[in-house]
Amino acid sequence: MLLSDLLQQWRKDRRAVEVRLTVPVLLFERQGAAAEQDWEKTGALMVGKPPESSDPQLFFVEKARHSGNAFLMGVTLGRVESNDVAIDDASVSRFHAWLQFDERQKAWLLCDAQSKNGTWMDGATVAQGARVPLHDGAIIKLGQASLRFLLPQTLLQLFKG
């Protein structure tokens, strides 16, 4: 889903969108001509055209309803469609990382899945096997793909802003 699509839905029925926003989101922006070439090169595993840099793609941080993902420890991030969040970028591993909610800490954690091109949060490397607490607005980098982690209330503030 594109961010502009959710914004349009919110303008039509604010309550319905606010009820839907119970989990954090990831915003994924492609940058410039290199992104267009990358989209073509990887075979466009996801349906549709690549998002414009001014219109980020939006992913809900939740388990997908499709089958084929037996990983129950969290929300998987990777290049192939069997992930909960499929990111069509050649630098992203097939199963790159996962996000997990820690009930004791009441916080989301970022975990690298032994990815080939590495995982970072706010510019710091996430060591393989480490569980790094996420904060609202964190920049997650998977290979060369950057995503912004936003809590539901922050995304709604952007709409109201």
Side-chain angles (χ1 to χ4, degrees), residues 1-3 5-6 9-10 16-31 35 38-39 42-48 50-51 55-159:
M1 164 179 275
L2 296 177
L3 181 60
D5 294 337
L6 186 65
Q9 290 174 15
W10 182 77
V17 170
E18 289 172 2
V19 167
R20 169 69 176 102
L21 282 175
T22 59
V23 296
V25 297
L26 295 170
L27 296 181
F28 173 47
E29 295 182 78
R30 291 194 174 265
Q31 305 291 325
D38 183 53
W39 185 267
T42 61
L45 293 174
M46 295 170 13
V47 177
D55 194 6
Q57 194 163 4
L58 181 139
F59 299 102
F60 293 96
V61 178
E62 61 189 0
K63 293 300 287 177
R65 289 179 172 81
H66 60 71
S67 61
N69 183 335
F71 189 83
L72 300 176
M73 291 176 56
V75 177
T76 60
L77 311 173
R79 190 178 67 243
V80 296
E81 291 178 2
S82 61
N83 286 288
D84 300 310
V85 175
I87 302 162
D88 185 37
D89 185 289
S91 68
V92 175
S93 297
R94 290 182 296 161
F95 171 37
H96 198 106
W98 74 90
L99 301 177
Q100 181 177 30
F101 188 74
D102 184 310
E103 287 290 339
R104 284 184 293 140
Q105 295 181 36
K106 300 291 185 212
W108 283 92
L109 307 174
L110 171 63
C111 313
D112 181 80
Q114 300 180 355
S115 62
K116 179 181 176 186
N117 293 324
T119 301
W120 295 265
M121 186 184 77
D122 294 333
T125 301
V126 175
Q128 292 182 356
R131 288 174 165 72
V132 178
L134 281 168
H135 63 85
D136 192 24
I139 301 294
I140 299 169
K141 190 171 175 192
L142 309 176
Q144 297 301 311
S146 292
L147 302 114
R148 183 176 298 272
F149 177 84
L150 295 176
L151 295 173
Q153 61 270 24
T154 302
L155 182 61
L156 289 173
Q157 283 302 111
L158 290 174
F159 290 170

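Here the side chain of Lys141 pairs no donor or acceptor atom with the backbone of Met121 at under 3.5 angstrom. Looking only at distances, no side-chain donor or acceptor of Asn83 sits under 3.5 Å from a matching main-chain atom of Val85.
At least one side-chain heavy atom of Leu99 sits less than 4.5 Å from a side-chain heavy atom of Leu110. Between Leu156 and Trp10, some side-chain heavy-atom pair lies under the 4.5 Å cut-off.
In this structure Asp122 satisfies the side-chain hydrogen bond (donor to acceptor under 3.5 Å, both in side chains) test together with His135, sequence neighbours excluded. Ser115 meets the side chain to side chain contact (heavy atoms under 4.5 Å, CB included) test with Ser93, His96, Asp112, Thr119; sequence neighbours excluded. When the side chain to side chain contact (heavy atoms under 4.5 Å, CB included) test is applied to Ala145, the partners found at least two apart in sequence or on another chain are Phe28, Ile87, Asp89, Val92. Contacts of Phe60 classified as ring-ring contact (aromatic ring centres under 6.0 Å, His included), with partners at least two apart in sequence or in another chain: none. With sequence neighbours excluded, the residues that form a side chain to side chain contact (heavy atoms under 4.5 Å, CB included) with Asn117 are Ser91. In this structure Lys106 satisfies the side chain to side chain contact (heavy atoms under 4.5 Å, CB included) test together with Phe101, Glu103, sequence neighbours excluded.
Tested against Val75 for a side-chain contact (heavy atoms from CB on, under 4.5 Å), the candidates Val23, Leu26, Asp84 yield a single pass: Asp84.
Between Leu151 and Pro24, the shortest heavy-atom distance links the atoms CD2-CG, 4.0 Å. Across all their heavy atoms, Phe149 and Ile140 have their closest contact at CB-CD1, 4.2 Å. In terms of heavy atoms, Lys63 sits closest to Gly74 at NZ-O, 3.0 Å.
Distance check, rounded to the nearest 0.5 Å: CG of Leu21 to CG of Leu58 gives 8.0 Å. Within the model, atoms CG of Leu6 and CZ of Phe159 stand 4.0 Å from one another, a figure rounded to the nearest 0.5 Å. Atom CG in Asp102 sits 12.0 Å away from atom CG in Leu134 (nearest 0.5 Å).
Residue pairs meeting the salt bridge (Lys or Arg N to Asp or Glu O under 4.0 Å) criterion with at least one partner in residues 18-27, sequence neighbours excluded, are Arg20-Glu62. Residue pairs meeting the side chain to side chain donor-acceptor pair (under 3.5 Å) criterion with at least one member in residues 142-154, sequence neighbours excluded: Asp136-Thr154.
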Could you list the donor-acceptor pairs under 3.5 angstrom formed by side chains in residues 124-132, with sequence neighbours left out?
residue, atom, partner, partner atom, Å
Thr125, OG1, Trp120, NE1, 3.1
Arg131, NE, Gln100, OE1, 3.1

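When the shell of 6.0 Å around CD of Gln114 is examined, it contains 12 or fewer heavy atoms from other residues, nucleotides or ligands.
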Practice item. Carefully, step by step, assess Phe59 and Leu147 under the rule side-chain contact (heavy atoms from CB on, under 4.5 Å). Key: CA-CA 10 Å; Phe59 299 102; Leu147 302 114; 4.3 Å; yes
